[in-house]
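I have placed the structure first, in the form of structure tokens, so that the comments after it can refer back to it.
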Amino acid sequence: MSNSRPEPAWRVLLGYVRPHRRSLAAGALLSLATGATGLALPLVAQDLIASLSEDRAISGALLLMSALVVTNAAVGALGSYVLQRTAESVVLTARRSLTSSLLRLRISAVDATEPGDLLSRATSDTTLLRAMTTQSLVGLGTGGLTLLGTLVMMGLVDLVLLGVTVGVIALASAVLGVIVPMINRASRRAQESVGQMGAALERVLGALRTVKASGAERRERDAVHAAAEESWRQSVRAAKWQALAGNVAGLSMQIAFITVLAVGGARVATDAIDVGALVAFLLYVFYLMAPIQEVVGAITQYQVGAAAIGRIQEVDALPGEPDHSAAPLPAADEEPAAIAFEDVRFQYTPELPYVHHGVTFTVPPRGMTAFVGPSGAGKTTVFSLIERFYDPTDGRVLLDGKDVADWDIAELRAAIGYVEQDAPVLSGTLRENLLFGAPDTAEEALADVLVTTRLDALVARLPEGLDTVVGHRGTKLSGGERQRVAIARALLRRPRLLLLDEATSQLDAVNEAALRDAVTAAARETTVLVVAHRLSTVTSAERIVVMDAGRVLAVGTHSELVSGNPLYAELAATQFLSAVE
Ligand code: ADP
Ligand code: MG
């Protein structure tokens, strides 16, 4: 994942904070108020003690003091609640923004990523913005203000001693300037390792049966552990630099104290200032400690958050589709679609060889067109280009004579029903799966499609019928059942173009024959493109496109091709025929 000159992290953070700026300001003000009421306490106490010695009634002062204590606690609690709440809102805003980006990603961008790593960016990295908001934004604000105020007061007492103090602070800042990038780097690596851990876990959990069957649990576990340990190592490293930064801040103040004492003593000796001024100045140096610690804490925490923002920005920088919601499905009376490929050349990435070397074919509306050819010929890629998961490197893909690149992407996809190769069933109920692409389907239409796809018997058998939960990736269904669910899902969209990519490969002979009838019936009303591996599916097609190694070798009917195309004749004689019942 690369990107050109990303926005600085603070600007990204401010973008997330903007919608919550009022509550952030309120939280910061409440924190300041807590500090102020805290500061007032010694004054009241002083008054109280004075009252004691003067034998005045102390009830008034006691009451005031109690009121202050209670107010201080209440304002403190409210302030910290408002701040935490704001920080959580900032995390929510970041998660919303990032997950929108994730769902908009182009398939080509997703190809180059690990889903588990993307997941960690949306869950783990965004969480780090919480501390970044409370500690770095607010800390920098309140700490910075107090620091400035104290420096101004110091300047009023003695400019020379102020110069000494600022000199020490500048020296400490130089040291911090070396430490701070280390925190960023270590945090960044820690988060990258969390991403690798997510990727390693996703790999195991996504293929748990194969992992177990291969006896690979230990090996896979070790890979996950290695990533977790690396994250630990890097986090510990970041913590070390953070602790060091805190110490540099503390030490610098002690050095400032000593230096001020030395220089101030000399100035008192030469009568440049009086002892009172020196004592006052030393008190201010003491007061400087807290805001300096706060500012340094803010800066180090900022580095941790900035590392997370860097990873979030990488996702935002990936190529995405324009933001869109689903377009309405085609009306019943809309004409079926026509498809044409015009000299399409295509490579998945610039580094990879071409998988289409000038593919050309035309498919008129209605009827069934079959794509056959050895695996790796580029059949699935044909469908991917029609759906605009990728754009041709060269040449054009036309739907109804219009370049798919010029279609509104939502309208293009609304016209198509697509059963991808190894189409997944999503976790959820059977009904949710069937209506996934057509949520407004009427019950009767659903019932019809259940019959044509022969799912009615399955539904009758399941304990909760259509509302049965089918498990993650449809693990509670057989391979054939999953395929029929996928086909039903596509049919329910009443598409103007139906794309079936080896959609019946796992069906038994009886179900395959039934589905073939359903597809043949569909082809009377819509345009159907199938990638088929069974001769039985292909023989009834109006047109068969024979592909090999990214080229169209021939287009024709079964009988034309059996005599006219050697590859087809060979395929028909070997691979296909075995599947014919
Ligand atoms: P078919 O469906 O005919 O078996 P495909 O269209 O799936 O063939 O693949 C054609 C070629 O493109 C294959 O060599 C395959 O390895 C490659 N390929 C497929 N998908 C991708 C992808 N997402 N990234 C890179 N290469 C791919
Ligand atoms: Mg394929």
Side-chain angles (χ1 to χ4, degrees), residues 1-2 102 105-118 199 202-203 206 318-321 339 341 343-361 363 368-395 397 404 416-424 479 482-483 486-487 490 497-507 512 519 528-535 537-538 541 543-555 561 565 567-568 570-572 574-576 579:
M1 283 186 232
S2 70
L102 282 176
L105 286 182
R106 298 218 59 183
I107 296 284
S108 52
V110 178
D111 279 349
T113 62
E114 291 275 4
D117 176 55
L118 291 180
E202 195 251 357
R203 174 179 133 114
L318 291 174
E321 291 173 349
I339 282 287
F341 270 51
D343 201 18
V344 168
R345 292 167 47 78
F346 177 66
Q347 51 189 155
Y348 275 95
T349 68
E351 304 82 51
L352 290 172
Y354 277 85
V355 296
H356 282 176
H357 305 266
V359 170
T360 302
F361 63 83
V363 173
M368 190 202 298
T369 303
F371 290 79
V372 301
S375 89
K379 308 180 294 291
T380 296
T381 306
V382 166
F383 287 5
S384 298
L385 292 174
I386 295 174
E387 279 275 9
R388 261 205 95 192
F389 295 145
Y390 307 90
D391 289 325
T393 316
D394 242 321
V397 176
V404 289
I416 305 174
Y418 176 40
V419 178
E420 62 177 304
Q421 194 170 353
D422 304 317
R482 280 202 289 274
Q483 286 196 327
I487 294 170
L497 172 67
L498 182 61
L499 305 176
L500 303 175
D501 194 350
E502 305 205 7
T504 57
S505 59
Q506 296 190 42
L507 299 190
E512 203 268 331
V519 171
V528 180
L529 307 190
V530 296
V531 172
H533 69 142
R534 293 195 206 202
L535 191 61
T537 316
V538 169
R543 156 180 345 88
I544 299 167
V545 179
V546 185
M547 289 188 73
D548 188 22
R551 291 193 166 80
V552 173
L553 298 189
V555 180
L561 292 171
N565 183 271
L567 174 64
Y568 185 81
E570 185 195 322
L571 287 172
T574 57
Q575 187 186 337
F576 286 123

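We count ligands from 1, going down the list as the structure has it; atoms in each ligand are counted the same way. Please read these numbers as outputs of a predicted model, since none were measured by experiment. Position 1 is the first residue of the sequence, and the numbers go up from there.
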In terms of residue, atom name and distance, what is the protein heavy atom nearest to atom 18 (N) of ligand 1? Y348 CE1, 3.4 Å
So do V372 and I544 actually touch side chain to side chain, heavy atoms under 4.5 Å? yes
Between side-chain atoms of residues 344-353 and protein atoms elsewhere (two or more places apart, or another chain), which donor-acceptor pairs fall under 3.5 Å?
| residue | atom | partner | partner atom | Å |
| --- | --- | --- | --- | --- |
| Q347 | OE1 | Y354 | OH | 3.3 |
| Q347 | NE2 | L352 | O | 2.8 |
| Y348 | OH | T381 | OG1 | 2.8 |
| T349 | OG1 | E351 | OE1 | 3.2 |

Does Q506 offer a backbone N or O that forms a donor-acceptor pair with the side chain of Q483 under 3.5 Å? yes
Interfacing atoms of ligand 1 (cut-off 4.0 Å, heavy-atom, S375): 4 (O)
So the atoms of ligand 1 within less than 4.0 Å of a heavy atom of D111 turn out to be 23 (N)
Ignoring hydrogens, what is the shortest heavy-atom contact between A109 and L318? Give both atom names and the distance. CB-CB, 4.2 Å
Contact summary for D343 and T360, nearest pair of heavy atoms: N-OG1, 2.9 Å
Distance below 2.8 Å from the Mg ion (ligand 2): protein N/O/S atoms: T380 OG1, Q421 OE1
Report the C-alpha distance between F371 and F361 in whole Å, list the side-chain angles of each, state the deciding distance to 0.1 Å, and finish with yes or no for ring-ring contact (aromatic ring centres under 6.0 Å, His included). CA-CA 11 Å; F371 290 79; F361 63 83; 5.1 Å; yes
Do me a favour and list the nearest non-hydrogen protein atom to atom 8 (O) of ligand 1 with residue, atom name and distance? G378 N, 3.3 Å
Could you tell me, atom by atom, which parts of ligand 1 come under 4.0 Å of a heavy atom of L352? 25 (C)
So that I can tick it off, tell me whether D548 and R551 are bridged by a salt bridge, with the cut-off set at under 4.0 angstrom between side-chain N and carboxylate O. no
May I ask you to decide whether R482 forms a salt bridge with D422, counting only side-chain N to carboxylate O separations under 4.0 Å? no
Taking only heavy atoms of T381 into account, list the atoms of ligand 1 that are under 4.0 Å away from them. 5 (P), 6 (O), 9 (O), 10 (C)
For a 4.5 angstrom cut-off between non-hydrogen side-chain atoms, does I339 reach L497? yes
Distance-minimising heavy-atom pair for E502 and K379: OE2-CE, 4.4 Å
Per-atom filter on ligand 1: closer than 4.0 angstrom to a heavy atom of Y390 are 23 (N)
Nearest protein heavy-atom contact for atom 2 (O) of ligand 1: which residue, which atom, what distance? T380 OG1, 2.7 Å
Which atoms form the tightest heavy-atom contact between S505 and R534, and what is the distance? O-NH2, 3.4 Å
For G373 and ligand 1, answer yes if some heavy atom of the residue is under 4.0 Å from a ligand atom, otherwise no. no
May I ask you to identify the nearest protein heavy atom to atom 14 (O) of ligand 1, giving residue, atom name and distance to one decimal place in Å? G376 O, 4.2 Å
How far is atom 11 (C) of ligand 1 from its nearest protein heavy atom, and which residue and atom name does that atom have? V355 CG1, 3.4 Å
